[in-house]
Amino acid sequence: MLKGKCAIVTGATRGIGRAIALKLASLGFNIVINYRSKDSEAETLKAEVEALGVKSLIVKGDISKVVEARELIEKAKEYFGTIDVLVNNAGITRDGLILRMKEEDFDNVIEVNLKGTFNCLKSVSPIMIKQRHGKIVNISSVIGLIGNAGQVNYAASKAGVIGMTKSLAKELGSRGINVNAVAPGFIDTDMTKELSEKAKEVIQTSIPLKRIGTTKDVAEVVGFLVSDASDYITGQVINIDGGMVM
Ligand code: NAI
């Protein structure tokens with residue numbers, strides 16, 4: 001059903017992005033692998049994606065830079081002729097309580113998580129409008145819904161992503177384009193590995209489903225949101241958090 005379609009995943013070489021790239025490849029999407037720094041990780045992922053029987057294209061680039069985000073979208077369109085799915089996954093944290101948070105910690109997080117998402121949305125929109133179809137999934141966070149001490153920058157960026165998702169869903173709905181967000185809770189990746197075992201235990205106890213999430217938990221929902229099964233869903237934020245926020 002999905003053969004020959006193209007999906008772009010930003011920040012695809014590890015963690016949640018990597019799991020999403022492999023899930024979409026398993027659904028038959030050709031994959032555009034975007035990443036910022038580690039070339040070898042991108043090559044490894046490309047081999048794994050292609051072993052699933054689809055094609056892939058590596059496009060290195062920092063999505064917070066408007067020119068590099070535009071190049072990513074243009075190269076994907078040039079190579080595959082269509083862009084059916086965009087998953088805005090690339091994100092960073094620079095945590096700290098506000099008294100200690102430097103201006104650059106705030107700016108960097110907003111530049112990547114919010115502006116970077118905007119940059120990709122801006123470049124992909126005219127292409128999807130012309131095609132009259134497309135599915136966009138933005139990776140937000142439950143922190144954008146409930147906040148977290150030490151993450152004013154991250155929470156602001158992820159709340160911003162939710163506002164952008166809803167606004168764009170309203171703008172593009174009449175063109176056959178679905179725009180949704182997912183809000184993962186606590187997922188086991190490099191981003192969360194710095195927490196102590198004790199802190200992880202405390203978090204786990206507070207989660208109704210009593211476990212920390214996996215990258216697969218997130219990738220499965222993204223797989224649903226880019227499939228035909230979700231054609232009548234747009235402007236939504238789906239929490240993937242074991243019931244942390246309800
Ligand atoms: P990660 O740190 O393991 O991976 C992030 C990826 O984004 C990396 O491949 C990194 O190179 C890439 N990246 C960062 N800045 C970039 C830029 N400017 N341009 C291109 N690529 C860039 O993080 P993880 O945990 O896999 O997170 C993925 C997304 O999920 C992020 O948006 C994060 O905020 C979000 N998220 C993660 C949660 C978690 O518990 N791990 C919970 C909720 C949301």
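Numbers here are sequence positions counted from 1. Values reported hereafter were calculated over all heavy atoms of this structure, with side chains retained and with hydrogens, waters and symmetry mates removed. Note that ligands are numbered from 1 as they come in the structure, with each ligand's atoms numbered from 1 the same way.
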Worksheet entry | V87 reachable from L168 in the ILVMFWY side-chain graph, under 4.5 Å edges | no
Quiz item: Does some non-hydrogen atom of A12 fall short of 4.0 Å from ligand 1?
Solution: no
With heavy atoms and a 4.0 Å threshold, my read on which part of I187 contacts ligand 1 is both
Exercise for the section: Scan side-chain atoms only and decide if N138 and T165 contain a donor-acceptor pair under the 3.5 Å cut-off. Expected result: yes
among protein heavy atoms, the one nearest atom 5 (C) of ligand 1 is G91 O, 3.8 Å
- Item | Whether G213 lies under 4.0 Å from ligand 1, heavy atom | no
protein heavy-atom neighbour closest to atom 7 (O) of ligand 1 works out as G11 CA, 3.5 Å
Looking only at side-chain N and O atoms, does N113 offer a donor or acceptor that is under 3.5 Å from a partner on S157? yes
Polar contact flag, side-chain donor to acceptor under 3.5 angstrom, D105-N153: no
Ligand 1 to I92, heavy atom cutoff 4.0 Å, flagged ligand atoms 14 (C), 15 (N)
Is it true that A183 lies under 4.0 Å from ligand 1, counting heavy atoms only? no
In this structure, atom 19 (N) of ligand 1 is nearest to the protein heavy atom I63 N, 3.1 Å
Quick note on ligand 1: atoms under 4.0 Å from a heavy atom of T13 include exactly 9 (O)
request  = Could you tell me whether ligand 1 has any atom less than 4.0 Å away from a heavy atom of T10?
outcome  = no
Checking heavy atoms under 4.0 Å, the part of K158 that sits near ligand 1 is side chain
Salt bridge flag under 4.0 Å for residues D84 and K135: no
Honestly, for V142 the part within reach of ligand 1 (heavy atoms, under 4.0 Å) is neither
> Any luck finding a side-chain donor-acceptor pair between N180 and Q236 under 3.5 Å?
Replying inline: no
Q | Cationic N near anionic O, under 4.0 Å, K65 to E111 | A | no
**Prompt:** Any heavy atom of E111 sitting closer than 4.0 Å to ligand 1?
**Reply:** no
Honestly, for N34 the part within reach of ligand 1 (heavy atoms, under 4.0 Å) is side chain
When every non-hydrogen atom of A25 is compared with those of L52, the smallest separation belongs to CB-CD1, 3.8 Å
Nearest heavy atom to atom 38 (C) of ligand 1, choosing from V9, I16, T189, belongs to I16
Among non-hydrogen protein atoms, atom 44 (C) of ligand 1 lies closest to S140 O, 3.2 Å
Do NZ/NE/NH1/NH2 and the carboxylate oxygens of K55 and E50 come within less than 4.0 Å? no
request  = Start with the C-alpha gap between Q131 and T82, add the side-chain angles, then the distance that decides, and say whether side-chain hydrogen bond (donor to acceptor under 3.5 Å, both in side chains) holds.
outcome  = CA-CA 8 Å; Q131 293 173 172; T82 171; 3.2 Å; yes
Output for pair (E48 CD, L45 CG), nearest 0.5 Å, gives 6.5 Å
Among all the protein's heavy atoms, is there at least one whose distance to atom 12 (C) of ligand 1 comes out below 4.0 Å?
yes
- Ion pair present between R211 and D217, side-chain N to carboxylate O less than 4.0 angstrom? yes
Any heavy atom of N89 under 4.0 Å from ligand 1? The part involved is both
Ranked by distance from atom 21 (N) of ligand 1, the top protein heavy atom is A90 CB, 3.5 Å
heavy-atom search around atom 33 (C) of ligand 1 in the protein gives Y154 OH, 3.5 Å
Atom 42 (C) of ligand 1 sits nearest the protein heavy atom G185 O, 3.0 Å
the protein heavy atom lying closest to atom 4 (O) of ligand 1 turns out to be R14 NE, 3.6 Å
One finds that the ligand 1 atoms under 4.0 Å from a non-hydrogen atom of G15 are 26 (O)
Quick one, E220 with K23, criterion salt bridge (Lys or Arg N to Asp or Glu O under 4.0 Å). Give me CA distance, side-chain angles, the key distance, then yes/no. CA-CA 7 Å; E220 289 295 326; K23 174 68 194 176; 3.3 Å; yes
So for D62 against ligand 1, with non-hydrogen atoms under 4.0 Å, the contacting part is both
